[in-house]
There are 2 protein chains.
Amino acid sequence: MVEIPERPDPASSAPPAVPTSADVARLAGVSRATVSYVLNNAGAVRISEPTRRRVRAAAEELGYVPHAAARSLRAGHSRMVLMPAPNVPVGPLYGQFINELQWALSRLDYTVVQYAGMGLHGDEAARAWAELRPVAVIVPGGGLGPTGVRILKRSGTRAVVTLGPERVEGAHALVMDHYGVGHGAGAHLLARGRRRIGVVIPQEPGLEYFSRPRLEGVRCALEDTGAAVTELPLAYEEEAAARIARRWRSLGLDAVFAYNDEYAMLLMRALQDDGVMIPEETAVIGADDLLLGRLLRPRLSTVHIELPSGRFLAELVDRVVRDPGGVPEAHKVLGARVVHRESS
Amino acid sequence: MVEIPERPDPASSAPPAVPTSADVARLAGVSRATVSYVLNNAGAVRISEPTRRRVRAAAEELGYVPHAAARSLRAGHSRMVLMPAPNVPVGPLYGQFINELQWALSRLDYTVVQYAGMGLHGDEAARAWAELRPVAVIVPGGGLGPTGVRILKRSGTRAVVTLGPERVEGAHALVMDHYGVGHGAGAHLLARGRRRIGVVIPQEPGLEYFSRPRLEGVRCALEDTGAAVTELPLAYEEEAAARIARRWRSLGLDAVFAYNDEYAMLLMRALQDDGVMIPEETAVIGADDLLLGRLLRPRLSTVHIELPSGRFLAELVDRVVRDPGGVPEAHKVLGARVVHRESS
DNA sequence: TTGAAAGCGGTACCAG
DNA sequence: CTGGTACCGCTTTCAA
């Protein structure tokens, strides 16, 4: 006896209602409880094989898909890991890291979600994230303060991990301080006998979190050495580079740390077009160790950056989720190593 | 009279429970209904100012954050727009497009979420997405078939938009066919008098969706012209490029379409290192019109690709969400225009 | 102006 | 082995 579904659902204009487990139960002639047991392969309860088949068939026929919100509401928790979506195009290095991370978390059976809250800042954003009741939140780039962490924890988030340049009170941290990148570059140029060093500061918004620490690193490496640092604001456009190149000789620099390999390529091309000899007249070093640097002539010296493996972070998250009580860990995870080629 | 909260919550080991609207109500000495009215600025109901203040203060004190799942469960719908997270590092062009899109959707008050379902394929993935009951789903790159669309629609998704190379039954589509990119490149090389044309096929997985149509486009442009196409599999590594360059002369090609500007740079460098004159001996053209192409010597010819604006797609989504009944639209949105520089 | 109560879709306990 | 039922947190009539 298959009862006719209660919902009237005339084939008129209204779209057919979304099937619920109750609909499946009705069609299979069983109770909602049974449907739940069958579809979740509940081990504690034994359901007869014929019943199981009827339920599965009914679910299939209706195109039933469970409702995640209802499920996690009842369960009191979800396995969602939330990270804010980057609001600026991201390089291959970091992109690769994110992918690894997502993959590793997926393997640990988490649902990874990048949340695009493009208008929100600070605690506003934290509140928006908290509304989704994620079990863990991973925040790159210093977009979260201690209050934000508290908001999240208060809403049941079991693991909050920041990736910024410095730790945040209450949160676990993968400290990725780009200071070391600049320091490496500065020390290298110094060792090569350079004394008047330019540092490119990208004008693109959203890069300050990286460029400032890198600059600071260079500064620090040159402290008390008689060498001097000159900031070189540079937009990622041919014309901007040409303008700098034109007044290059008046700047009197004998070396430049170009923020990364892409800006290095941009600037190096402009300098070469103006007849500046590299590395004789000016040494150039980039960062990120992209393939493109090896393709330049002279081959570009660079600072190779070692990001942590996605698996490492995924395992940290998993560990903290399982035991949220522990004292926040902080790992310094950004390796920087100078790769000397021909441009310096 | 402020009652003591019911939940015992001893300051022992158990983490403090997440505050609910009931907790706020208790603390403020009102009912849950009133809390809801106040926090949602319900216009239909007038609540006295003192009450509002008490409620807000209580919410503040408890660090109350509403529970999105519960809310949308009750409401019967959400404003979540879901898109699968790319599982391969994405170029600046496409990255920019995604950002614009997210921004535009945010402005229209949607919650944009990139879902990383790294193990799932086809209908599996569609089911996983459907569990979240998004109001709209945007799927790039052909990762969704007609069945998948039906699963989503059946689960209440009001708008399904694909970005792939071809339409999908039942879904709206932004047809981004890279065929035209290849066609433009092929026609250009032909017009420049080239007859034996190589086409780079990247070996990196995940790029087939782009490289195949581009190849097809070249083929089609050369149809019945006496010109011939040679496929050149190429991994994005210096050594792979060097291998191709070494046997270049034996290939007898007078032109190459290098898939995009990055592969073009890689190959061009290898060819130049082997003494192949560009463009005299071999013409090279890339695609994407990246800045780096303009920095090469000779300057790289390229195919400029015009993606639709994020706003356009956002408005399409919004329109369809408001009126899901309409017949699926299909827009051809990928403009391709050859930019002739010096390498061809 | 405020409160009581129903119900969104699932899950899991307890009876039968 | 299966059904009844309470409940997760929130919104929204309906009454008072």
Side-chain angles (χ1 to χ4, degrees), chain A residues 1 3 5-7 17-26 28-55 58-59 62-79 130-133 154-156, chain B residues 1 3 5-7 17-26 28-55 58-59 62-79 130-133 154-156:
Chain A
M1 281 297 137
E3 293 194 31
E6 277 177 9
R7 309 194 183 195
V18 179
T20 72
S21 81
D23 297 322
V24 177
R26 241 176 332 251
V30 299
S31 75
R32 295 188 318 149
T34 306
V35 171
S36 179
Y37 291 142
V38 172
L39 297 183
N40 293 312
N41 291 315
V45 200
R46 309 236 74 82
I47 305 278
S48 72
E49 195 50 44
T51 304
R52 305 177 84 96
R53 260 197 295 276
R54 286 218 315 289
V55 169
L62 293 177
Y64 169 72
V65 175
H67 192 308
R71 193 204 300 267
S72 71
L73 178 58
R74 172 64 226 227
H77 62 255
S78 73
R79 288 188 65 79
E131 291 194 359
L132 299 184
R133 297 290 190 275
R154 198 79 193 77
S155 317
Chain B
M1 285 295 139
E3 293 192 32
E6 275 176 13
R7 310 193 184 196
V18 179
T20 73
S21 80
D23 296 322
V24 177
R26 233 165 351 239
V30 300
S31 74
R32 293 158 63 214
T34 307
V35 171
S36 180
Y37 290 143
V38 171
L39 297 184
N40 295 313
N41 292 314
V45 201
R46 308 236 72 82
I47 306 279
S48 70
E49 195 50 43
T51 305
R52 305 177 84 97
R53 260 197 296 275
R54 284 218 315 288
V55 170
L62 294 177
Y64 170 72
V65 175
H67 192 308
R71 187 201 301 255
S72 71
L73 179 58
R74 169 66 226 231
H77 63 253
S78 74
R79 287 188 65 79
E131 290 194 1
L132 298 184
R133 298 288 192 275
R154 198 79 192 77
S155 315

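Letters A, B, ... mirror the listed sequences (proteins, then strands); counts begin at 1. Just so we're clear, the structure is a prediction, and the values are computed from it rather than from any experiment.
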Looking only at non-hydrogen atoms, find the nearest pair between B:Asp23 and B:Val18 and report the distance.
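Heavy atoms only, the tightest pair is OD2-O, 3.9 Å.
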Could you give the [atom1]-to-[atom2] distance, from [X] to [N], as a whole number of Å?
{"X": "A:Arg26", "N": "D:dG4", "atom1": "CZ", "atom2": "P", "answer": "13 Å"}
{"X": "B:Asp23", "N": "D:dC10", "atom1": "CG", "atom2": "P", "answer": "9 Å"}
{"X": "B:His77", "N": "C:dG7", "atom1": "NE2", "atom2": "C1'", "answer": "16 Å"}

So if I take residues 45-54 of chain B and measure heavy-atom distances to DNA chain C, which residues fall below 4.0 Å?
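Those residues are B:Val45, B:Arg46, B:Ile47, B:Ser48, B:Thr51.
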Mind checking the [atom1]-[atom2] spacing from [X] to [Y]? Nearest 0.5 Å is all I need.
{"X": "B:Leu73", "Y": "A:Arg74", "atom1": "CG", "atom2": "CZ", "result": "13.0 Å"}
{"X": "A:Arg26", "Y": "A:Ser31", "atom1": "CZ", "atom2": "OG", "result": "12.5 Å"}
{"X": "A:Arg54", "Y": "A:Thr34", "atom1": "CZ", "atom2": "OG1", "result": "9.5 Å"}
{"X": "B:Ser21", "Y": "B:Leu62", "atom1": "OG", "atom2": "CG", "result": "11.0 Å"}
{"X": "B:His67", "Y": "A:Ser155", "atom1": "NE2", "atom2": "OG", "result": "10.0 Å"}

Check whether any side-chain heavy atom of B:Ser72 lies under 4.5 Å from a side-chain heavy atom of B:Arg133, and answer yes or no.
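No, side chains not in contact.
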Heavy atoms under 4.0 Å is the rule here; annotate nucleotides 10-16 of chain C 5' to 3' with B where the base is hit, S where only the sugar-phosphate is, and - elsewhere.
BBBB---
Test applied, side chain to side chain contact (heavy atoms under 4.5 Å, CB included); reference residue, B:Val30; option that passes from B:Ile47, B:Val24, B:Thr51, B:Val38:
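Among B:Ile47, B:Val24, B:Thr51, B:Val38, the one that satisfies the side chain to side chain contact (heavy atoms under 4.5 Å, CB included) with B:Val30 is B:Thr51.
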Heavy atoms only, 4.0 Å cut-off, all strands: where does A:Val35 land among base, sugar-phosphate and nothing?
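Here A:Val35 touches no strand at all.
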